[in-house]
Amino acid sequence: MAHTTRHDTMRRALRREVAGTIGLLADEEDFAAMRRYRTFTFDDHATYLQQVEALLKTFASQGRHTTVALFDPEEYAEYCSDTGLDPDAPGSRGRFTAALASGGPTVPYEGQPLADLLPELVDEAVRQATWEYATAVLARTGPCATCGEDIGRAAFARASELITRALDTSGPGTRHLVCSVPCEAETLLAALHVEIDEDGSAELDETEALEFATVLAVGIATHRAAGMVLRCTAEGTRDRVQGWRMNSGRLHPLTAAEVFDAYCTDAISGELVAPESGVDYCAAPDLEDDEPGRGHLH
């Protein structure tokens, strides 16, 4: 009896060290698509979400680490077709979820309500899709016809340099950069949050910085009409907003009036909106150097 109890205790201890992933059907459309499978027994999305949250809480109470991934029915069907698995089998859904955990966007469950975790998970999926698309665009640009240098690699290096210059334009505080690049299917968006201390040292998320530089590099490499906005926040001062517009692969600073117009005009209706309280719309500094050939503009 003592021998059995000891083994049970060891198994419980091991169970706490096993990480798991739950594939989540985030919206009702995806949930409805899975209902065509006989072995998928849920018939109400709200109840399904409640059960998922209860399971996450149970795992957390047992000391188990769990991540949540977005379960896409179309990707699942393609996965089963490629691997020869039966899509109407729980084991197939489990194998697909394991594949998601190894390469797809995931968010760790840390006790937060599912209502808070869901938008975070969707944002993570959008970020990864944006980065993958931007990386593919840069890879397709190929070598420069004039000098033979890889255009995508040169554009990324140039983007990194411009980001550093933008962050160096003011003192300590919080910096929030946003970049937008219009592409064929939709506009690529990226954001970068940076904390700069009194010594000028910058604290940032390296993955976020990589994604931001990649999206900006797409604008440089493809000469698209990209834009970049910088918001500076420091204790005891008003927020400062500056912006740049991409033209022929180079960032051109916006005047204070142009920044004001961009921030105080509704992007959809074109109507004026009230400016934010406590915010100064300022002219941006010139981030470009004097070498017109930089960024492969030839």
Side-chain angles (χ1 to χ4, degrees), residues 14-136 183-191 193 205 207-208 210-211 214-215:
L14 283 173
R15 192 177 296 119
R16 288 195 294 269
E17 298 187 25
V18 175
T21 302
I22 291 179
L24 181 66
L25 296 160
D27 59 53
E28 293 192 26
E29 184 177 346
D30 287 344
F31 179 84
M34 290 302 294
R35 291 192 62 199
R36 68 178 182 267
Y37 300 119
R38 178 185 54 82
T39 56
F40 186 78
T41 57
F42 287 97
D43 55 13
D44 178 74
H45 189 233
T47 301
Y48 162 81
L49 292 178
Q50 291 171 1
Q51 293 300 314
V52 169
E53 186 162 22
L55 183 61
L56 288 169
K57 289 180 178 179
T58 298
F59 287 160
S61 69
Q62 296 170 350
R64 294 180 58 180
H65 174 75
T66 309
T67 58
V68 182
L70 276 182
F71 194 105
D72 186 304
E74 291 185 7
E75 291 183 6
Y76 172 63
E78 292 176 3
Y79 173 83
C80 289
S81 176
D82 292 341
T83 57
L85 293 174
D86 177 8
D88 199 357
S92 299
R93 293 194 286 274
R95 288 183 60 175
F96 176 67
T97 300
L100 288 177
S102 65
T106 61
V107 171
Y109 177 70
E110 298 173 331
Q112 68 270 50
L114 199 59
D116 294 339
L117 186 147
L118 273 174
E120 184 181 353
L121 182 58
V122 171
D123 286 347
E124 184 63 26
V126 171
R127 278 180 56 188
Q128 181 163 322
T130 298
W131 179 76
E132 290 175 351
Y133 179 82
T135 301
C183 289
E184 292 85 356
E186 58 186 272
T187 298
L188 298 180
L189 292 172
H193 184 84
D205 184 292
T207 300
E208 197 176 76
L210 172 63
E211 294 167 350
T214 303
V215 170

Checklist outcome for this item: Distance col, row Leu114:CG vs Leu55:CG, nearest 0.5 angstrom, shows 11.0 Å
Checklist entry - Of the non-hydrogen atoms in Leu188 and Ala134, which two are nearest, and what is the gap between them? => result CD1-CB, 4.2 Å
Checklist entry - Got a donor-acceptor contact below 3.5 angstrom from the Gln112 side chain to the Glu110 backbone? => result yes
Item to check | Closest non-hydrogen atom pair between His45 and Ala26, with its separation | outcome: CE1-O, 3.4 Å
Checklist entry - With distance as the sole test, does Glu211 use its side chain to make a donor-acceptor pair with the main-chain N or O of Trp131 at under 3.5 Å? => result no
Checklist entry - Can the ring centres of Phe42 and Phe31 be said to be less than 6.0 Å apart? => result no
Item to check | Arg93 side, atom CZ; Leu85 side, atom CG - distance, nearest 0.5 Å | outcome: 12.0 Å
Item to check | Leu25 side chain reached by Asp72 side chain, heavy atoms, under 4.5 Å | outcome: no
Next on the checklist: When you compare the side chains of Glu132 and Gln128, does any donor N or O come within less than 3.5 Å of an acceptor on the partner?
Outcome noted: yes
Item to check | Nearest-0.5 Å distance, CG of residue Asp116 to CD of residue Glu120 | outcome: 8.5 Å
Checklist entry - Arg35 versus Asp43: any side-chain heavy-atom pair under 4.5 Å? => result yes
Checklist entry - Can you find a side-chain donor-acceptor pair between Ser92 and Asp86 that sits under 3.5 Å? => result no
Checklist entry - Are any non-hydrogen side-chain atoms of Tyr133 and Cys183 less than 4.5 angstrom apart? => result yes
Checklist entry - Is a side-chain N or O of Thr58 found less than 3.5 angstrom from the main chain of Ala54, in a donor-acceptor match? => result yes
Checklist outcome for this item: Closest non-hydrogen atoms of Tyr48 and Gly23, given as atom of the first, atom of the second and distance, are OH-O, 3.6 Å
Item to check | Closest contact, heavy atoms only, Leu121 versus Pro105 | outcome: CD1-O, 4.0 Å
Checklist entry - Should the ring pair Phe71 and Phe96 be called parallel, tilted or perpendicular, given that the plane angle runs from 0 to 90° and is split at 30 and 60? => result perpendicular
Next on the checklist: Measuring from atom CD1 of Ile22 to atom CG of Leu100, what distance do you get when rounded to the nearest 0.5 angstrom?
Outcome noted: 12.5 Å
Checklist entry - Just wondering, more than 12 heavy atoms not from Arg95 lying within 6.0 Å of its CZ? => result no
Item to check | Minimum side-chain heavy-atom gap Leu117-Val68 below 4.5 Å | outcome: yes
Next on the checklist: Looking only at side-chain N and O atoms, does Arg127 offer a donor or acceptor that is under 3.5 Å from a partner on Thr207?
Outcome noted: no
Next on the checklist: With a 4.5 Å cut-off on side-chain heavy atoms, are Val52 and Leu24 touching?
Outcome noted: yes
Checklist entry - Side chains of Thr21 and Thr67: donor-acceptor distance under 3.5 Å anywhere? => result yes
Next on the checklist: If you compare all heavy atoms of Thr39 against all heavy atoms of Asp88, which two are closest, and at what distance to 0.1 Å?
Outcome noted: OG1-OD1, 2.6 Å
Checklist entry - How far apart are the closest heavy atoms of Pro113 and Glu53, and which atoms are they? => result CA-OE2, 3.5 Å
Item to check | Pair Phe59 and Tyr109, ring centroids less than 6.0 Å apart | outcome: no
